[in-house]
Number of protein chains: 2
Amino acid sequence: MTGDETTAAPRARTGRPRAGGRRSDGDPRDEIVAVASRLFAERGVGGTTMSEIARRSGLRQSSVYYYFRDKEAILGEIVASVNRVILDHLERVNADGGTAALRLYRLIRFDARQMCRFPFDINEIYRLSALQDERFAGFWSERQELNEAVAALVAEGVAEGQLAETDPRLTALVLLSNDEGTQNWQRPVGAFRQEGGEHYDADQIATFVADLAMRALLRDRGRLAAIRRRALELDP
Amino acid sequence: MTGDETTAAPRARTGRPRAGGRRSDGDPRDEIVAVASRLFAERGVGGTTMSEIARRSGLRQSSVYYYFRDKEAILGEIVASVNRVILDHLERVNADGGTAALRLYRLIRFDARQMCRFPFDINEIYRLSALQDERFAGFWSERQELNEAVAALVAEGVAEGQLAETDPRLTALVLLSNDEGTQNWQRPVGAFRQEGGEHYDADQIATFVADLAMRALLRDRGRLAAIRRRALELDP
DNA sequence: ACGACTTTCGACACGGTGTCGAAACTCTCT
DNA sequence: AGAGAGTTTCGACACCGTGTCGAAAGTCGT
């Protein structure tokens, strides 16, 4: 949103005026993305039509193709930052320091909570983006980066003697799919919810998932309570 | 397949003959299901058209609607027995007896291995079936039955003193989504495969997932090796 | 031979995707 | 002031996939 819109009348827009006289409140691209985000959350990507996105954006169906090549291009825009959030948290966690076990706990708990709160079906996104590797290359390389970071933390914890012997690569895969699995029990909106998660909030679920992971991994499980306490201080 | 096909010429089929002279080798319903299974595994349900199912079944596109109301009806037929397999194993495991921890290990390991080998994307199936609750009610009630059975095993193990204190309901959810997560690392066919799982076979992954689960849950992790050994004897 | 039944097909309506060319404006230059 | 370029939007359309409908083309029984 530029300054124009909040004070004087918005400056004239070039281009053909819209039918029905409705003007965009801002950049049509941003509005399309916002509208599509809500629809993807409610109905999934497959259940959302370009016509509906256009209609709710105040455009005709064909106009959307002026800004986006296709529906997957809109999706790409929306999910471009998904992994960035958890990778930024990883950097923060590593910058804060602490044992590998503490940092791992913080990361897992953060990721699980984010997945609980994530409005989109991550599995649908995985599958759609897997079908178009080139266009979602960034998404996958970031996801791989996260996997490797978790595996590295696990390996570090084992080397420190705080974590018991384990295969770091498989462990990372399991931990991250634990987090993703939470989407099937609790999500802000969406058609599908498996019974069971609705009695808990995102924090409870995330803390539980992180606890269970550390119970599996810690050589001395007596240390879990202290790790949890410290993590909750650092990431309320 | 009836006896007719293997000896004498197949008995005349009523109804309009197929274009191109090709005859069905058996029940057209069964052939449609078989063809659709392969296509759903390769391309996902969403990526499979009724035209392609018809074509590979030797029919015209509209003929498929004579046997199935729509694509989801075919899917329903295919997945009708998915949960039955793991529920049957649960019955077998309970009939065999043994501690709750042993039975839990066997169940988790079996489910994870089944998920590795399952050609379809379980998450796509979840989402498609969630959108049509009435038609997939059986699927969901069986899934819920499995959840409750796992929760009950966990509760029993805690009561026996073999498993450490935990929330049985959340634990069941985590364990089963561990199993499902394996689909993203290894599956017989399918477009999507997250890097990491390809170096392991289904047995290795399943045993690892079961091990990690028990490491989290067992009060005395020293018992894990004996449980694993016993489980591998019972379920090679 | 005829009618009932079954299985299959062709034609079609409808909805969704995506393209194309033009409408309807703004802006700049002469 | 007018012309041309550019931008944004729209209408029309081709194509594809779903799903329906009525008829074709058989078999079977009376």
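As the structure is a prediction and not an experimental result, all values here were calculated from the model. All heavy atoms count here, side chains included; hydrogens, waters and symmetry mates do not. Here is how names work: the chains are called A, B, and so on, in the same order as the sequence lines, proteins then strands, and each is numbered from 1.
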S.K.: Given atom CZ of A:Arg55 and atom P of C:dG15, what is their separation to the nearest angstrom?
M.R.: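 Value for this atom pair: 14 Å.
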
S.K.: How many whole angstroms separate atom CZ of A:Arg16 from atom P of C:dG21?
M.R.: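 From A:Arg16 CZ to C:dG21 P: 16 Å.
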
S.K.: Is the phosphate of D:dC28 approached by B:Arg13 (side-chain N or O, under 4.0 Å from OP1 or OP2)?
M.R.: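 For B:Arg13, the contact criterion (side-chain N or O under 4.0 Å from OP1 or OP2 of D:dC28) is not met.
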
S.K.: Side-chain donor or acceptor of B:Gln61 under 3.5 Å from a matching atom on the base of D:dG17?
M.R.: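 Between D:dG17 and B:Gln61, which were checked side chain against base, a qualifying N/O pair under 3.5 Å is absent.
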
S.K.: Just the rounded figure in Å: distance from P of C:dC5 to OH of B:Tyr66.
M.R.: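 After rounding, the gap between these two atoms is 12 Å.
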
S.K.: Side chains of A:Asp167 and B:Tyr200: donor-acceptor distance under 3.5 Å anywhere?
M.R.: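 Result is yes, a qualifying pair exists.
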
S.K.: Under 4.0 Å between a side-chain N or O of A:Arg60 and OP1 or OP2 of D:dG11?
M.R.: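 A:Arg60 to D:dG11 OP1/OP2: side-chain N or O found under 4.0 Å.
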
S.K.: Between A:Arg84 and A:Asp88, does any NZ, NE, NH1 or NH2 come within less than 4.0 Å of an OD or OE carboxylate oxygen?
M.R.: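 Between A:Arg84 and A:Asp88 there is a salt bridge, with a charged N closer than 4.0 Å to a carboxylate O.
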
S.K.: Less than 4.0 Å between a side-chain N and a carboxylate O, is that true for A:Glu180 and A:Arg143?
M.R.: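 A salt bridge is present here (some side-chain N lies under 4.0 Å from a carboxylate O).
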
S.K.: Give the rounded distance in Å between these two atoms: OH of A:Tyr67 and P of C:dG18.
M.R.: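 So the OH-P distance, A:Tyr67 to C:dG18, works out to 18 Å.
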
S.K.: Quick one: the side chain of B:Ser62 and the base of C:dG10, do they pair up donor-acceptor inside 3.5 Å?
M.R.: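 Pair found.
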
S.K.: Using the six-membered ring wherever Trp is involved, compare the ring planes of B:His89 and B:Phe110 and label them parallel, tilted or perpendicular (cut-offs 30° and 60°).
M.R.: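 Rings of B:His89 and B:Phe110: parallel, under 30°.
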
S.K.: In this structure, how many angstroms lie between the P atom of C:dT17 and the CZ atom of A:Arg69, rounded?
M.R.: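 It is 15 Å, rounded to the nearest whole Å.
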
S.K.: Could you state the atom-to-atom distance from CG of A:Asp27 to P of D:dT7 in whole Å?
M.R.: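 That distance rounds to 14 Å.
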
S.K.: Looking for any heavy atom pair under 4.0 Å, which part of the strands does B:Thr49 touch: base, sugar-phosphate only, or nothing?
M.R.: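 Sugar-phosphate contact only.
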
S.K.: In whole angstrom, what separates A:Tyr65's OH from C:dG18's P?
M.R.: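 To the nearest whole Å, that distance equals 4 Å.
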
S.K.: Which residue lies toward the 5' end of DNA chain D, A:Ser63 or B:Met50, if each is placed at its nearest nucleotide?
M.R.: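 By nearest-heavy-atom nucleotide position, the 5'-most residue is A:Ser63.
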
S.K.: Please classify the nucleic acid contact of B:Phe68 as base, sugar-phosphate, or nothing, using heavy-atom distances under 4.0 Å.
M.R.: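 Nothing, no nucleic acid heavy atom in range.
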
S.K.: Rounding to an integer number of Å, can you tell me how far B:Asp70 CG sits from D:dG19 P?
M.R.: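 Rounded to whole Å, this separation is 5 Å.
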
S.K.: Under a plain distance cut-off of 3.5 Å, with no hydrogens placed, do A:Asp211 and A:Tyr105 share a side-chain donor-acceptor pair?
M.R.: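 Yes.
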
